Amino acid sequence: MDEKLYIGIDLGDRTYSMNGVKNSSNEIIPIRLPGQTANAPILCSVGVRKDGRCELLRREDSYSPSDYSRILVNFKRRPTSIGKNSPMMQNYRFGVKTMLQLTLTDENTARIIHDLANGCSEIVFCIGYPTNWSEQDVKVFRSVIGEGVLGDVDGLHALYGKPVRVQEERESTAAFIYTRANKDQFGIEKATKVLELDFGSSTINVTALTIGGNETMYNSGHNFFGGRMVDCLIADYYMRQLSVEELALIEDLDRNNHGAATRLLLLEACSAKEKLTASTTVRVVTDFIDRRVSITREIYASLLEQPMAPRVSQFDLLTDIELNEFGSRSWREILVSYLKQEKDILEKKRIVPEIVIVTGGGALLPDIQDACRLIFANHLAPDDETKKRTSWLGRLMGKIVGSGGKQDKHI
């Protein structure tokens, strides 16, 4: 057999993970990235210091905005939504290329890939992009990838000891391969119709597939809505608790450091959101404002019911066109409306799933779980059967299944 090592890269706007698999096996092998603990994805954020040095940011570390000229996030934003020659596009290109450079050429990560490729004839990097991107979006993304380290296949050959090939893949393809490879763990029989909902920070991917088939039945998604918007709502709430003087300090830091203070605040807000899945109250605090703001689950729930667009516009993550699409609706209203829309389309196409799997970083958010139960109630597995299938992991009421660093909710 012509053995090949396939390496899947999930370059999000919040987290980043990498997994390997050989074509002779369905075993998914997490690849340790610099600073990664266990199988947890690392933060997808790059800090550019004022002397030009670039570094991966860590949620647990302390940072001063005045040390940075730029902090770059949101690497899955839709390329065609950004002006071709705008500063936003320049930051996008620089951020994607720098993130890949810092991880793929890291000494320890390169050694892991080199050792995994032992006995293989080729390494194939598969880098994912949101399922609902247009052909033009993919074309721009491909050009960005080609300008960076993944475009230097000769250099990677020398680094890893094997010929290297790169291909871009829709995330529905990853969902298809992942679900088929883990069908036994999910307790899914052959010919079962599965709907996989992948909730990321800035995108939702919707994929319908049949176990045992050779392709997906339905591919869709939302290009700019996800968990990142919740981070914005929390960060906005934090800022609304500050004094006029404290707000002026943030504005001054942002003005002199290209928005670094606001970007660091978003990382803190993201951490608070994740902690609220296990705690009733969390505190948001930054290294540059001496103010701790408590967020209870009740406050958090109220934020999800407020009109979203006015709260997230200040963070410059979305264009005016994208913000206008949200109108005056809340985060929760947008989520429920979108899932209902997708369910209606599936029904018109006569695609009725037998099982719904929720995956991605948003799988652990109770609000997303509740919305999925509300919309797809007829497709829930019986509770005792669900527990039997997934109790081997033993987390979140015995209903989460997953591997390779992904978190999956089987409902």
Side-chain angles (χ1 to χ4, degrees), residues 14 76 78 130-132 171-172 175 194-208 218-234 236-237 269-270 273-274 276-277 295 297-313 317-318 321-349 351-381 383 386 396-397 399-400 407-411:
R14 185 179 66 85
K76 274 189 180 170
R78 192 164 54 97
T131 293
N132 214 30
E171 292 185 345
S172 61
V194 177
L195 179 66
E196 184 154 332
L197 305 172
D198 183 358
F199 290 91
S201 289
S202 62
T203 61
I204 303 174
N205 293 295
V206 179
T207 306
Y218 178 73
N219 294 307
S220 183
H222 199 302
N223 283 326
F224 51 92
F225 177 74
R228 175 69 78 185
M229 299 298 99
V230 179
D231 302 342
C232 292
L233 293 172
I234 293 174
D236 173 77
Y237 177 82
C270 176
K273 176 189 69 181
E274 293 175 350
L276 275 170
T277 62
I295 304 222
R297 286 187 179 175
E298 290 75 21
I299 292 173
Y300 171 78
S302 72
L303 297 179
L304 302 186
E305 300 290 356
Q306 298 174 8
M308 192 182 74
R311 301 298 185 194
V312 307
S313 60
L317 297 177
L318 301 174
I321 294 175
E322 292 166 345
L323 285 169
N324 287 337
E325 183 176 312
F326 293 144
S328 61
R329 294 177 297 169
S330 69
W331 185 90
R332 198 186 307 278
E333 287 173 330
I334 295 166
L335 174 65
V336 171
S337 173
Y338 176 73
L339 291 178
K340 285 182 177 178
Q341 168 191 301
E342 289 299 302
K343 183 183 180 185
D344 288 345
I345 294 173
L346 288 166
E347 289 179 344
K348 287 178 181 178
K349 292 180 175 292
I351 299 173
V352 181
E354 298 170 71
I355 291 177
V356 177
I357 296 174
V358 180
T359 186
L364 291 178
L365 294 178
D367 313 279
I368 287 178
Q369 297 169 18
D370 292 343
C372 291
R373 287 191 184 96
L374 173 68
I375 307 304
F376 298 101
N378 293 335
H379 311 295
L380 301 182
D383 193 58
T386 301
L396 195 60
M397 300 179 293
K399 293 185 182 179
I400 291 185
Q407 298 280 4
D408 304 284
K409 177 74 178 174
H410 179 197
I411 60 176

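Because the structure is predicted, anything quoted here is derived from the model rather than measured. Residues take their numbers from the sequence shown, with the count starting at 1.
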Enquirer: Between Tyr338 and Ser220, does a side chain to side chain contact (heavy atoms under 4.5 Å, CB included) hold up when you go through it step by step?
Expert: CA-CA 11 Å; Tyr338 176 73; Ser220 183; 4.0 Å; yes
Enquirer: Could you tell me if the side chain of Cys372 sits less than 4.5 Å from the side chain of Leu197, heavy atoms only?
Expert: yes
Enquirer: If you take all heavy atoms of Asp198 and Gly360, which pair is closest and at what distance?
Expert: OD1-CA, 3.4 Å
Enquirer: For Glu342, which residues count as a salt bridge (charged side-chain N to carboxylate O under 4.0 Å, His left out) partner, sequence neighbours excluded?
Expert: none
Enquirer: Please name the pair of heavy atoms, one in Leu339 and one in Phe376, separated by the smallest distance, quoted to 0.1 Å.
Expert: O-CZ, 4.3 Å
Enquirer: Report yes if some heavy atom in the side chain of Phe225 is under 4.5 Å from a heavy atom in the side chain of Trp331; otherwise report no.
Expert: yes
Enquirer: Quick one: closest heavy-atom pair of Asn223 and Asn132, and the distance?
Expert: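 Minimum heavy-atom contact is ND2-O, 3.4 Å.
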Enquirer: Can you measure from CD1 (Ile299) to CD1 (Ile234) and round to the nearest 0.5 angstrom?
Expert: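 If I round to the nearest 0.5 Å, the distance is 10.5 Å.
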Enquirer: Just distance, no hydrogens or angles: give the donor-acceptor pairs under 3.5 Å from side chains in residues 304-313, sequence neighbours left out.
Expert:
unit_1, atom_1, unit_2, atom_2, d
Glu305, OE2, Arg332, NE, 2.6
Ser313, OG, Pro310, O, 3.3

Enquirer: Looking only at heavy atoms, what is the nearest atom pair of Val356 and Pro353, with distance?
Expert: CG2-CG, 4.4 Å
Enquirer: Ignoring hydrogens, what is the shortest heavy-atom contact between Thr277 and Arg297? Give both atom names and the distance.
Expert: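 Looks like O-NH2, 3.6 Å.
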Enquirer: With sequence neighbours left out, write down each residue that passes ring-ring contact (aromatic ring centres under 6.0 Å, His included) with Phe224, or none if nothing qualifies.
Expert: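 Listed in chain order: His222, Phe326.
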Enquirer: Has the side chain of Thr131 got a donor or acceptor atom that lies under 3.5 Å from a matching backbone atom of Ser172?
Expert: yes
Enquirer: If you compare all heavy atoms of Gly227 against all heavy atoms of Lys273, which two are closest, and at what distance to 0.1 Å?
Expert: O-NZ, 3.2 Å
Enquirer: Among Arg78, Arg228, Glu325, Met229, which residue satisfies the side chain to side chain contact (heavy atoms under 4.5 Å, CB included) criterion with Leu318?
Expert: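 It is Met229; the other options fail the test.
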Enquirer: Report the distance from atom CD of Glu298 to atom CG of Leu303, rounding to the nearest 0.5 Å.
Expert: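 So the CD of Glu298 and the CG of Leu303 are separated by 11.5 Å.
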Enquirer: Taking atom CG of Asp231 and atom CG of Leu317, what is their separation to the nearest 0.5 Å?
Expert: 9.0 Å
Enquirer: Applying side chain to side chain contact (heavy atoms under 4.5 Å, CB included) between Phe199 and each of Val358, Asn205, Leu365, report the one that passes.
Expert: Val358
Enquirer: How long is the straight-line distance from CZ of Arg329 back to CG of Leu335, given to the nearest 0.5 Å?
Expert: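 Spacing of CG (Leu335) from CZ (Arg329) equals 10.5 Å.
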Enquirer: How long is the straight-line distance from CD of Glu322 back to OG of Ser202, given to the nearest 0.5 Å?
Expert: 9.5 Å
Enquirer: Working to the nearest 0.5 Å, report the span between CD1 of Ile355 and CG of Leu195.
Expert: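 One finds 11.0 Å between CD1 of Ile355 and CG of Leu195.
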